[in-house]
Amino acid sequence: MTDETPPLDGLEPVLSLAELAARLGVPVQTLYDLRSQGRGPRAFRVGRHLKVRAREVDAWLSRPEAADDATCADGSEW
């Protein structure tokens with residue numbers, strides 16, 4: 001994530017689910033579905049709004065990559 005607003009007073013960048021969905025090119029509902037299945041990024045509420053820390057998105061996106069690497073390492077194909 002490179003174009004988040006810079007941290008203010010030590011706060012790290014956060015995204016709304018709509019912002020994250022737009023960056024990933026998926027519907028917002030997909031993120032809600034993944035979260036309800038325990039497979040989405042960790043988020044927190046600010047009032048009624050869900051927010052996701054940029055570092056949580058990076059960690060969440062790296063998990064499927066690591067799983068793909070482990071699957072391919074044993075010689076199997078996708």
So how far is it from [X] [atom1] to [Y] [atom2], rounded to the nearest 0.5 Å?
X: Lys51; Y: Glu56; atom1: NZ; atom2: CD; answer: 15.5 Å
X: Thr30; Y: Leu24; atom1: OG1; atom2: CG; answer: 9.5 Å
X: Leu31; Y: Leu15; atom1: CG; atom2: CG; answer: 10.5 Å

Looking only at heavy atoms, which two atoms of [X] and [Y] are closest? And how far apart?
X: Pro41; Y: Leu20; answer: CG-CD2, 4.0 Å
X: Arg35; Y: Leu17; answer: CD-CD1, 4.4 Å
X: Pro27; Y: Ala21; answer: C-CB, 4.0 Å
X: Val52; Y: Ala43; answer: CG2-CB, 3.8 Å

Using the side chain to side chain contact (heavy atoms under 4.5 Å, CB included) rule, take Phe44 and Val14 through it: C-alpha gap first, then chi angles, then the decisive distance, then the call.
CA-CA 10 Å; Phe44 61 96; Val14 296; 3.8 Å; yes

Do Gln37 and Asp33 have side-chain N/O donor and acceptor atoms under 3.5 Å apart?
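No.
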
